[in-house]
There are 2 protein chains.
Amino acid sequence: MKNRRITLKDLAKDLNLSASTISRALDNHPAISDATKKKVQRKAEELGFIPNSIASSFRTKKTKSIGIIVPRIDIHFHSLVISGIEDFAYKNGYNVTIFQSKDSLKREKEIAKILQNRMVDGIIICLSIETEKCDHFKKFDKLGVPMVFYDRVPTDFDANKIVINDFESAFTATEHLIKKGCKRIGHIAGSQKTDIFKARLEGFKAALQKYKLPIHQDLILQTKHLGYEEGVICAKKYLEFSELPDGIFCANDYTAVSVIQVFRKHGVKIPQDVAIVGFSNYPISKIIEPNLTTINDCAFQMGESSAKLLIRHIEDKDEFINSESITLRTNLIIRESTQLSNA
Amino acid sequence: MKNRRITLKDLAKDLNLSASTISRALDNHPAISDATKKKVQRKAEELGFIPNSIASSFRTKKTKSIGIIVPRIDIHFHSLVISGIEDFAYKNGYNVTIFQSKDSLKREKEIAKILQNRMVDGIIICLSIETEKCDHFKKFDKLGVPMVFYDRVPTDFDANKIVINDFESAFTATEHLIKKGCKRIGHIAGSQKTDIFKARLEGFKAALQKYKLPIHQDLILQTKHLGYEEGVICAKKYLEFSELPDGIFCANDYTAVSVIQVFRKHGVKIPQDVAIVGFSNYPISKIIEPNLTTINDCAFQMGESSAKLLIRHIEDKDEFINSESITLRTNLIIRESTQLSNA
DNA sequence: CTGAAAGCGCTTACAG
DNA sequence: CTGAAAGCGCTTACAG
């Protein structure tokens, strides 16, 4: 049942040509005559020849494969990024191999070890939440395997990075609340151990400062993982204040959604009483009522850009470039949670 | 900067042993003395030897790699399945390479072609929505590359399959509505070209028949993709009836969510006036208000089972087994959309 | 324009 | 318990 596979040699014997010529003909090498190329290609088709890519990778030391390490693939942000990576990679003849660190430094190190085995030409990484030092990735620099980091990126060494400007985005989000007339603005913050959430908090504060509004420390609520349940707890805390905030910038959409739901249940009107802005433009932001104003974090584009940058580094190594850092443009999507719809 | 990699030969020279012995020692071959093993392993560690997995794959014809073809990875169901696959694969020393068919038959065929190049030891597939005939996958049988299909599986040939019982699940969901006292029950159906949605409709009808309830053809609304927007349209259609249904079984959660939202906007109380059941247990089902009663479709487990079955077929080929079909147990998760919470 | 030959880095059947 | 040798299926520098 199981057929032996056709190899270059089989084709060569069949056509009375050398394996070299077959190889070149299939590779559309300029030195081969058109007649021969056609003959070879027809025969290859006829016998159902599929080149053994492992043999080819072995010989050329190129696998046309990209490794991706993400915390979890079932987080929508990451699945969108991966989708962007796969899209760009596919168009350029690369395939993508995926690993989940599960936000465990230990597992991230194991994966880094595995990936040193020549399986991939380059690596795209979003660091695990536990990762503070990136020594386990420095090896790849020495091996000449390019890396691109996105979202959670290393701070302890120069690296190729694709990020958004969290500070600016948070500033824009907060400014939007201010322009809508909010004066007493709260923030639900992510872990301050993570740079991106720190930057969002900073951007929030900077906007208040620019517009000479007071920073109410007690309205800045800290969460660990910006989870939906944590958002519920934050919302309840706000409700205990003698005076509610009139605007809240949430560091992600999940917490924004829970605030909306808890507030509405308590008769707080959104956006009339409190305006809410989220961050990420998750699918739920379009479904929750009122629809959520949020920052579009360009996840798909982040994937595309990561793949593009990585493949460029794989294919033409420019000895003079040590690392590149690319910042993507985010945008504020204004919806009902900060603005009455004119429906 | 870029170091030459250490090979078996380097180790051999360093230790005055043959490459054969090094290879066996690292592989923990029983014929090698413990002393030698230790010596070799220490040296390998010292020099930072990483075996070239491409060379090894080339030699053994095993890549320890699984190919996955999904319609899109940014659909939550698929990202959960992939997560389950990656998890099981990782534990068993396999890695996973992902391709998106984008629900295009043409692209699916291209990918099938690519995967014939020896890159993977086996393949897990969810067919594109356009796929009716699976000839492009039959090649893998001949090549001895095992395949496992999940969710959308082939009907035109025997294959390894992991599915849920859509008929039974739909039956259970509908029966639940009936037991809650619903008598005039509607259904929002997916494309009847797709077996799983056909089975859900059949299960729905079977439950009504068993309990001797009328099947109101006009309350069975057909959609193309079970999208959120399509759900909105269906909901509006229901509202135009002189008499509303008192229960609706939706073939997925998106349409269920839109029905809930549209109905509530029109003052229809859920579950008092109309009880709603969805299908899939998407994250939104826990967030929408009221929370959605739905069928847990075991996406993660489906991934695990697919990987498990595939790896079994890769590692011990049993000549007597032609194909296996595994049906996973789903369960109904009862929430507020069919039952008043006792809070 | 085509071919002969070497070699990529492993693994393994065979020999001792 | 260890080694010599062959070979997996390609690619490519060299020769003609």
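Chain A is the first sequence line, chain B the second, and so forth, proteins listed ahead of strands; every chain is numbered from 1. Basis for what follows: all heavy atoms, side chains included, without hydrogens, waters or symmetry-related copies.
For B:Lys13 and C:dC10, the NZ to P distance is 14 Å, given to the nearest whole Å. Protein atom CG of B:Asn16 is 11 Å distant from nucleotide atom P of D:dA4, rounded to whole Å. When the P atom of D:dG3 is taken as reference, atom CD1 of B:Ile22 falls 8 Å away, rounded to whole Å. Rounding to whole angstrom units, CG of residue B:Asp34 and P of D:dC1 are separated by 8 Å. Between the CG atom of A:Leu8 and the P atom of D:dC8 there is a distance of 13 Å, rounded to whole Å. Rounded to an integer number of Å, the gap from A:Leu11 CG to D:dC10 P is 9 Å. Between the P atom of C:dC8 and the CZ atom of B:Arg5 lies a distance of 15 Å, rounded to the nearest Å. Atom NE2 in B:His29 sits roughly 11 Å away from atom P in D:dC1 (whole-Å rounding).
Using a 4.0 Å cut-off, some side-chain N or O of A:Lys61 falls inside it from OP1 or OP2 of C:dG9.
A residue-by-residue look at B:Thr21 and A:Ser56 shows that B:Thr21 has its nearest nucleotide of DNA chain D further toward the 5' end. Both A:Asp27 and B:Arg24 lie close to DNA chain D; mapped to their nearest nucleotides by heavy-atom distance, the more 5′-ward contact belongs to B:Arg24. Residue whose closest nucleotide on DNA chain C sits further toward the 5' end, between B:Pro51 and A:Leu17: A:Leu17.
Annotation: side chain of A:Thr97 is not in contact with side chain of A:Ile66 (no heavy-atom distance under 4.5 Å). Taking the side chain as every heavy atom from C-beta outward, A:Arg107 and A:Phe99 never approach each other to under 4.5 Å. Residues B:Glu130 and B:Lys106 fail the side-chain proximity criterion, which asks for heavy atoms closer than 4.5 Å. Looking at B:Arg152 and B:Thr194, their side chains come closer than 4.5 Å, going by heavy atoms from C-beta outward. By the 4.5 Å heavy-atom criterion applied to side chains, A:Leu127 and A:Cys134 are counted as neighbours.
Across all strands, A:Thr60 comes closer than 4.0 Å only to sugar-phosphate atoms, never to a base (heavy-atom distances). At a threshold of 4.0 angstrom between heavy atoms, the contacts of A:Ser23 include nucleobase atoms, whether or not backbone atoms are also involved. A:Ser20 comes within 4.0 angstrom of a nucleotide base, judged by non-hydrogen atoms across all strands. As judged by a 4.0 angstrom heavy-atom cut-off over every strand, B:Thr36 is placed among residues touching the sugar-phosphate backbone only.
Nucleotide D:dA13: unpaired (no Watson-Crick or G-U wobble partner with both distances less than 3.5 Å). Across all strands shown, D:dA4 has no partner, as no Watson-Crick or G-U wobble contact with both distances under 3.5 Å is found.
The stacking criteria are not both satisfied for B:Phe58 over the base of C:dC10, which would need a centre-to-centre distance under 5.5 angstrom and an angle between ring planes under 30 degrees.
With both ends at atom C1', the span from C:dT12 to C:dG16 equals 16 Å, rounded to whole Å.
Among C:dG9, D:dC10, D:dT2, the nucleotide with an atom closest to any side-chain atom of A:Ala55 is D:dC10.
Ring-plane geometry between B:Tyr150 and B:Phe77 is classed as tilted, the angle between the planes lying from 30 to 60 degrees on a 0 to 90 degree scale.
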